[in-house]
Amino acid sequence: MFIKKSKSDFNIKKINNYYLSGSDSLSGSIKVPGDKSISQRALIISLISTGKTIIEDILDSEDVYHTMQAVTQLGAMLRVHNNYIEVKGVGLGNLVTPKKPIYMGNSGTGTRLLLGLVAGSNALVTFYGDSSLTERPMDRVLLPLKEMGARIMCDDSNKLPITIMGARAKGFTLPIDYKLSIPSAQIKSAILLAALTARGTSFVTEYKKSRNYTEKMLSERGVILKNKKINKSKNIISINGTSFIKPRNIKVPGDPSSAAFLAVAATITKKSSITIENVLHDKFRLGVFNILKKMGASINIVRLEKNTCKIIVKSSKLKNFNIESSNSSALIDEYPILSIAAACSEGIMVMKGLGELRYKESDRFKAIVEGLEKCGVDVKSLKDNIIIKGRKKIKGGCTIDAKNDHRIAMSFNILSLITEEPIFVRGNKSILTSFPGFFKTLQELGVISLTHEKKNI
């Protein structure tokens with residue numbers, strides 16, 4: 001659709017006008033697209049590898065497309081084949097200063113990781129994005145990069161557009177000992193990528209676990225990186241500066257976050273039974289399915305290979321319970337769809353410690369509360385907590401503005417499967433950033449997608 005397919009695909013032309021009608025059942029076996037986090041990291045680390053990397057099953061989406069274009073502007077040679085992408089890297093420390101600013105679309109992950117990579121180089125790069133990305137704060141990633149010697153040029157808001165001059169342009173990259181007060185795989189990854197060229201050992205302390213794909217990929221490519229667990233939650237990552245990154249081929253497994261939307265769809269609809277194939281088997285990322293199982297969902301996870309599984313989901317009656325703040329780092333991307341499950345469940349759910357949701361692609365905290373309320377769900381917020389009282393019948397019959405946020409758009413489209421009247425989502429195009437085949441996949445499972453008669457509702 002973006003990397004391998006024609007842009008004339010009908011989904012792109014009509015996606016803003018799609019909505020889902022009520023569904024009695026979903027059935028069948030499907031594959032979810034490649035994991036977005038892994039796809040973007042694979043491209044970025046291939047850029048600084050010495051030699052050729054083959055990436056299979058990369059996510060074909062807007063966010064990954066923009067990251068791919070960015071690594072090309074920074075010097076990578078890239079060839080697209082039917083089933084894989086071939087990347088010839090420039091090696092560590094050899095980034096090219098691009099001739100023009102790099103456009104990142106809506107990709108916050110790609111932007112933050114590339115800021116870190118450039119911070120440890122001798123390149124001069126300007127990054128900018130769409131209206132949604134431009135509103136996302138970058139101060140938490142810029143602060144450690146400045147400490148490491150990078151020069152940052154932007155306005156006082158610390159938002160895009162941002163021009164960054166790598167620390168090695170007029171000196172060298174300083175090692176850092178940085179403590180992550182708020183868990184963030186993106187900020188952690190940016191620091192680790194900058195630290196690759198530092199003189200000495202850098203340390204990153206995290207107090208809640210976050211995704212560790214950057215650490216795994218770097219370790220597999222010869223970087224000396226260690227984890228020291230202090231207790232159940234505190235972990236200190238150390239990384240030595242290096243001069244060489246080995247190439248290593250990678251096959252991208254399916255995205256658990258995308259699978260979660262389909263799982264909830266099957267759970268809340270009647271007489272449904274689906275199998276989701278080729279999903280990344282990562283206990284941390286599969287946490288959302290454990291929450292759903294605790295709510296009473298019929299979910300069976302079958303491990304297939306070292307890092308993949310299939311997930312079998314059937315219709316279920318759900319009961320709400322409280323989700324503690326200790327789960328927030330693992331579920332940060334899944335709270336929107338979990339709120340939909342909660343709205344369709346028996347009892348009251350309190351989702352605690354969701355302050356970080358205010359700083360995602362949109363203010364997801366506000367979007368969840370206002371969206372559910374608009375659909376007729378009893379919902380309220382208290383500080384950083386969202387309280388949802390589930391109900392058997394939900395009216396719907398409204399228009400939800402997704403604010404260019406793909407997870408909000410997909411969540412309320414899923415809710416439309418069981419509402420008395422359909423829900424129209426303004427901003428379905430944002431779904432193209434992570435799950436371009438969202439509507440097509442649901443159609444394959446038996447869901448009826450309709451087109452609203454008005455354009456851009």
Side-chain angles (χ1 to χ4, degrees), residues 1-7 9 11-12 28-47 49 51-72 76-89 107 109-110 113 185 189 211-214 216-218 220-221 247-263 274-282 284-286 289 301-311 333 406 410 431-442 444-445:
M1 190 169 293
F2 300 98
I3 299 173
K4 305 172 191 173
K5 301 177 186 176
S6 169
K7 288 197 175 186
D9 189 283
N11 284 322
I12 294 180
S29 178
I30 43 84
K31 289 176 67 176
V32 286
D35 187 85
K36 186 170 76 164
S37 296
I38 294 176
S39 293
Q40 290 184 296
R41 284 164 171 82
L43 284 168
I44 291 168
I45 294 174
S46 295
L47 166 64
S49 299
K52 183 174 68 176
T53 300
I54 300 296
I55 306 172
E56 295 182 70
D57 295 340
I58 195 167
L59 172 63
D60 196 352
S61 75
E62 276 190 344
D63 275 9
V64 177
Y65 173 78
H66 290 304
T67 301
M68 184 185 78
Q69 293 297 305
V71 301
T72 302
M77 293 180 65
L78 193 143
R79 294 179 64 186
V80 178
H81 301 268
N82 287 335
N83 300 317
Y84 65 92
I85 289 178
E86 180 182 315
V87 184
K88 185 177 180 181
S107 180
T109 298
L113 268 61
S189 296
R211 298 177 187 180
N212 62 351
Y213 304 134
T214 301
K216 284 184 177 180
M217 287 188 188
L218 291 176
E220 290 169 350
R221 288 155 180 80
R248 183 184 171 102
N249 297 342
I250 182 170
K251 185 173 183 178
V252 181
D255 193 334
S257 297
S258 294
F261 291 96
L262 304 178
I274 68 171
T275 300
I276 310 170
E277 304 278 0
N278 192 43
V279 180
L280 170 67
H281 190 278
D282 179 328
F284 185 73
R285 294 286 303 283
L286 293 174
F289 297 97
I301 299 174
V302 181
R303 190 165 187 173
L304 300 175
E305 298 177 5
K306 181 180 179 181
N307 68 336
T308 60
C309 63
K310 66 178 179 180
I311 302 174
D333 285 334
H406 56 128
M410 287 188 284
I431 296 171
L432 300 175
T433 64
S434 67
F435 197 165
F438 175 73
F439 288 102
K440 183 179 179 181
T441 300
L442 286 167
E444 291 174 359
L445 293 173

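The first residue of the sequence shown is numbered 1, and numbering continues consecutively from there.
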- Salt bridge check: are Asp57 and Lys31 linked by an N-O gap of less than 4.0 Å? no
- Message: When you measure from the side chain of Asn249 to the backbone of Ile54, do you find a donor-acceptor pair of N or O atoms at a distance under 3.5 Å?
- Response: yes
- Task: Measure the shortest side-chain to side-chain distance between Asn212 and Phe284 over non-hydrogen atoms and say whether it is less than 4.5 angstrom.
- Result: no
- Atom OG1 in Thr214, atom NZ in Lys216: separation rounded to 0.5 Å? 11.5 Å
- Could you check Arg211, Lys36, His406 and say which one makes a side chain to side chain donor-acceptor pair (under 3.5 Å) with Asp333? Arg211
- Determine the interplanar angle of the Phe261 and Phe438 rings, folded into 0 to 90°, and report it as parallel if under 30°, tilted if 30 to 60°, perpendicular if over 60°. perpendicular
- Message: Nearest 0.5 Å, please: how far is CE in Met77 from CD in Glu86?
- Response: 9.0 Å
- Query: At their closest point, which heavy atom of Ile301 faces which heavy atom of Cys309, and how far apart are they?
  - Reply: CG2-SG, 3.8 Å
- Message: Could you check whether any side-chain N or O of Ser258 sits under 3.5 Å from a backbone N or O of Val32, counting only pairs where one atom can act as donor and the other as acceptor?
- Response: no
- Message: A side-chain contact here means heavy atoms from C-beta on lying under 4.5 Å apart; do Asp282 and Pro256 qualify?
- Response: no
- With under 30° as parallel and over 60° as perpendicular, where do the rings of His81 and Tyr84 fit, or are they tilted in between? parallel
- Query: Should Ile311 and Thr275 count as side-chain neighbours, where that means a heavy-atom distance under 4.5 Å?
  - Reply: no
- So, for Ile38 and Asp35, which heavy atoms are closest and what is the spacing to 0.1 Å? N-OD2, 2.9 Å
- Note on the structure: In this structure, CD1 of Ile58 is separated from CE of Met68 (nearest 0.5 Å) by 8.0 Å
- Item | Polar side-chain atom of Ser189 near backbone of Ala185 as donor-acceptor pair, under 3.5 Å | yes
- Look up atom OG in Ser39 and atom CG in Asp255, then write down how far apart they are to the nearest 0.5 Å. 8.0 Å
- Message: The test is side-chain contact (heavy atoms from CB on, under 4.5 Å); show your working for His281 and Leu286 and say whether it passes.
- Response: CA-CA 7 Å; His281 190 278; Leu286 293 174; 4.0 Å; yes
- Task: Search all heavy atoms of Gly110 against all heavy atoms of Ile44 and return the closest pair with its distance.
- Result: O-CD1, 4.3 Å
- Check Leu59 against Pro33 and note the closest heavy-atom contact, atom names and distance. CD1-CB, 3.4 Å
- Item | Steps toward side-chain contact (heavy atoms from CB on, under 4.5 Å) verdict (Thr109, Asp63) | CA-CA 9 Å; Thr109 298; Asp63 275 9; over 6 Å; no
- Query: Is the CZ atom of Arg79 crowded by more than 12 outside heavy atoms at less than 6.0 Å?
  - Reply: no
- For Asp60 and Pro436, the nearest pair of non-hydrogen atoms, with its separation, is O-CG, 3.1 Å
- Query: Do Leu47 and Val87 touch side chain to side chain, with heavy atoms closer than 4.5 Å?
  - Reply: no
- Message: For the CE atom of Met410 and the CD1 atom of Ile431, what is their distance to the nearest 0.5 Å?
- Response: 6.0 Å
- Message: For a side-chain contact (heavy atoms from CB on, under 4.5 Å) check, start with the C-alpha distance between Val64 and Phe2, then their side-chain angles and the critical distance, and finish with the verdict.
- Response: CA-CA 9 Å; Val64 177; Phe2 300 98; over 6 Å; no
- Task: Over all heavy atoms of both residues, which pair between Ser61 and Thr433 is shortest? Give the atoms and the distance, please.
- Result: OG-O, 2.8 Å
- In this structure, NE2 of His66 is separated from CD of Gln40 (nearest 0.5 Å) by 10.5 Å
